[in-house]
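Input: a single structure, listed below in structure tokens.
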Amino acid sequence: MEIGDRRPGWRTRFAPSPTGALHAGSVRTALFNWLAARATGGSFLLRVEDTDQGRYHPGSELQILESLRWLGLDWDEGPEVGGPHDPYVQSLRTDLYRLEADRLVEIGAAYWCTCTPARLEQMRAGQRAAGRPTRYDRRCLERREEVAAEIEAGAPAVLRQLIPRGRTEWEDLIRGPIAFDNAEIDDQVLLKGDGYPTYHLANVVDDHAMEISHVIRAEEWIPSTPKHLCLYRALGWEPPRFAHVPVVLGEDGQKLSKRRGARDILQYRELGYLPSALVNAMALLGWSSGTEEEVFTVEELVARFSLDRVHPAPAVLDGRRLDALNGLHIRRLAPAELAEELEPWLPQTTGEQRLALVPMLRERMNRLDEAPRLASALLDGLPTAGEVQFPPKKVDAATAAALLDAAVGLVEEGGLEEPDDELVRRLGAVLEDRGVKRGDGFRVLYIAILGAPAGVPVFQAMRFIGAEASAARLRAARERLDR
RNA sequence: GCCCCGUUCGUCUAGAGGCCCAGGACACCGCCCUCUCAAGGCGGAGAUCAUCGGUUCGAAUCCGAUACGGGGUACCA
């Protein structure tokens, strides 16, 4: 690295509004912000944007914090941890917005408006009918004295941004240059009738106050970025860099939305996904390492992440790929770690039991919720015979009987102390003598021990349930043959 | 309607003028390994690089138009 090439760490932020749970789309945006901060040795801030009282959803703030915590996206400043720019909740910062709003009025970058919603609606309907863009017609800008008098008399009013003439452009970190003709930009409401700021004002004031260096947000914000840039300019502030990340689409190709059944990110925990796998999968939506590696721990992502490797097209979260990735992450866990992850899924077990189960389960599951099914015959007893064909195909009853007899004898003599290879050899000999393939013949043992022709390795299973239980199950199967 | 963003195998993507009659991953199929099922290894199938037209000796890569998809167009964020 050359001298002068050192860039200071980025200050990024995730600014959710507490209107509901987080879904994969919003979490992916949070993740990119977090990764960008961590990758550059900067800071990641969390800010609650609760300026819309109408849409406030009680409890969702805690849900959001828990989601981020579960995924390991820790914040350096924000709710609960505080920081030099406290508070990190917009409803507690209204004085600040009011102050800057007054400044904007003074310098002529904003004006008060008393138009009623009904008039605005009528105005837009007319514009639309005429094939023109829908923008505020600045009626109140032209009648300032009247407006002032109306407000004096107690009329409700909003503050509008006065968009200057010209062009507004910026170099988007993901999309390159983007330009808007200011004539296309509406005179955005900055302060609502209830005194709260809109996102547009609050976001600019806070990002500046909190010294955010890079605004990484979803692409739906592209059309309002010029408004924000105009605000920065009017206030005399240097704007941050902008990066608009692509949206995440559902498997139906539509944008994820709560309305269309996008699931709360915490539901993935309930479904048996590991946070590291989810983070890995979300990082791969739009971002790629540039190498052929794709399975990454969170630390590996931090070491590799860079915003300029983000692809601008929307991406679909593929459940099958997530499952496969989750399986890979499960297999990457140390046995003790997996045993611990399994606790909620196998509540009837001890830690020691789970550790013994891990070698049997780890290659066989992509999601933790598969553990109960895989371990059921070992923990809950043999399932009822049901539909299973016994003896299985390609195995005659006499061979099955001989195999089971041999197995019972072996188990009772303490044969389970022997290594697998030895057991396979000794029981396999019984089958070979009768011309039955081991693979076919051993299904008899699987059905006897697990109640199904396939499952976790049968000798390991027998050791887990113990010699006594194993012998009992083998005998029960032997008796079934006689009936 | 108006504005903006996007478009490579079913899905996620690599690709920044010749290395690409396009590479990887998931899913799918086959083989190997093997006490079953998996896991793992190897191989296969799968993309006229949205379309059309330019630029160029040469284009997935540059330019333009069109189509399609997405987003915005609120006193929501």
Side-chain angles (χ1 to χ4, degrees), chain A residues 15-17 19 49-52 54-55 113 115 117 120-121 124 127-135 156-160 172 174-175 178-181 183-186 188-194 196 198-200 202-203 217-226 244 246-247 249 251 253-255 281 284-295 309 311-325 327-328 331 360-366 374 392 420-421 423-424 427-428 431 437-443 445-447 450 452-460:
Chain A
S17 63
T19 54
E49 309 224 320
D50 58 345
T51 54
D52 186 355
R55 292 204 311 158
C113 169
C115 288
L120 294 173
E121 202 173 314
R124 291 188 193 108
Q127 292 168 336
R128 196 172 298 231
R132 312 208 53 207
T134 53
R135 275 178 283 130
V158 300
L159 185 69
R160 281 185 186 277
D172 196 274
I174 291 172
R175 292 154 207 274
I178 299 180
F180 282 81
D181 182 340
E184 302 291 347
I185 308 168
D186 202 0
Q188 211 14 267
V189 169
L190 260 19
L191 239 30
K192 299 183 260 188
D194 62 6
Y196 277 89
T198 58
Y199 171 88
H200 305 284
N203 137 273
R217 64 199 348 180
E219 66 174 313
E220 67 223 34
W221 291 108
I222 291 175
S224 31
T225 299
H244 290 95
V247 296
L249 308 176
E251 299 199 44
Q254 301 289 104
K255 185 190 169 195
L284 257 18
L285 291 182
W287 175 84
S288 71
S289 68
T291 69
E292 289 186 349
E293 297 174 282
E294 298 195 326
V295 186
R309 293 206 53 83
H311 184 82
V316 177
L317 179 59
D318 179 9
R320 284 188 298 259
R321 191 162 189 229
L322 210 210
D323 282 359
L325 222 34
L328 257 9
R331 266 160 249 130
M360 290 185 267
L361 304 185
R362 63 184 301 146
E363 276 89 36
R364 271 160 272 264
M365 40 179 206
N366 277 339
L374 286 165
D420 285 0
D421 288 353
L423 296 171
V424 169
L427 294 177
L431 297 168
K437 283 189 195 158
R438 289 210 293 237
D440 296 327
F442 278 166
R443 289 184 193 282
L445 301 178
Y446 278 88
I447 295 168
L450 303 175
V456 301
V458 77
F459 298 117
Q460 288 182 50

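Within every chain, numbering begins at 1; the chains are lettered A, B, ... in the order of the sequence lines, protein sequences first and strands thereafter. Not measured: the values here are computed from a predicted model.
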Spacing of Y199(A) atom OH relative to A77(B) atom C1', expressed in whole Å: 7 Å
Per-nucleotide protein contact string for nucleotides 7-20 of chain B (B base, S sugar-phosphate only, - none; heavy atom under 4.0 Å): S--BSBSSS-----
Counterpart residues, side chain to side chain contact (heavy atoms under 4.5 Å, CB included), relative to D172(A) (two or more places apart): W170(A), I174(A), R175(A), I178(A), F242(A), H244(A)
With sequence neighbours left out, what residues match R128(A) under side chain to side chain contact (heavy atoms under 4.5 Å, CB included)? T134(A)
Qualifying residues under salt bridge (charged side-chain N to carboxylate O under 4.0 Å, His left out), relative to D50(A), sequence neighbours excluded: none
Only counting residues at least two apart or in another chain, list the ones meeting ring-ring contact (aromatic ring centres under 6.0 Å, His included) with Y196(A). none
With sequence neighbours left out, write down each residue that passes side chain to side chain donor-acceptor pair (under 3.5 Å) with N366(A), or none if nothing qualifies. R331(A)
Go through the structure and list residues passing side chain to side chain contact (heavy atoms under 4.5 Å, CB included) with V295(A), not counting sequence neighbours. N280(A), L325(A), L328(A), H329(A), R332(A)
So which protein nitrogen or oxygen atoms get under 3.5 Å of nucleotides 61-65 of chain B's nitrogens or oxygens?
none

Taking only residues two or more places apart in sequence or in another chain, which ones pass side chain to side chain donor-acceptor pair (under 3.5 Å) with R321(A)? E294(A)
In whole angstroms, how far is the P atom of A74(B) from the CG atom of L120(A)? 9 Å
Rounded to the nearest angstrom, tell me the gap between atom CD in Q188(A) and atom P in A74(B). 8 Å
Which residues pass the side chain to side chain contact (heavy atoms under 4.5 Å, CB included) test with P223(A), not counting sequence neighbours? none
Quick one: what's the B/S/- string for nucleotides 30-37 of chain B, heavy-atom cutoff under 4.0 Å, read 5' to 3'? -----BBB
Residues forming a salt bridge (charged side-chain N to carboxylate O under 4.0 Å, His left out) with D420(A), sequence neighbours excluded: R463(A)
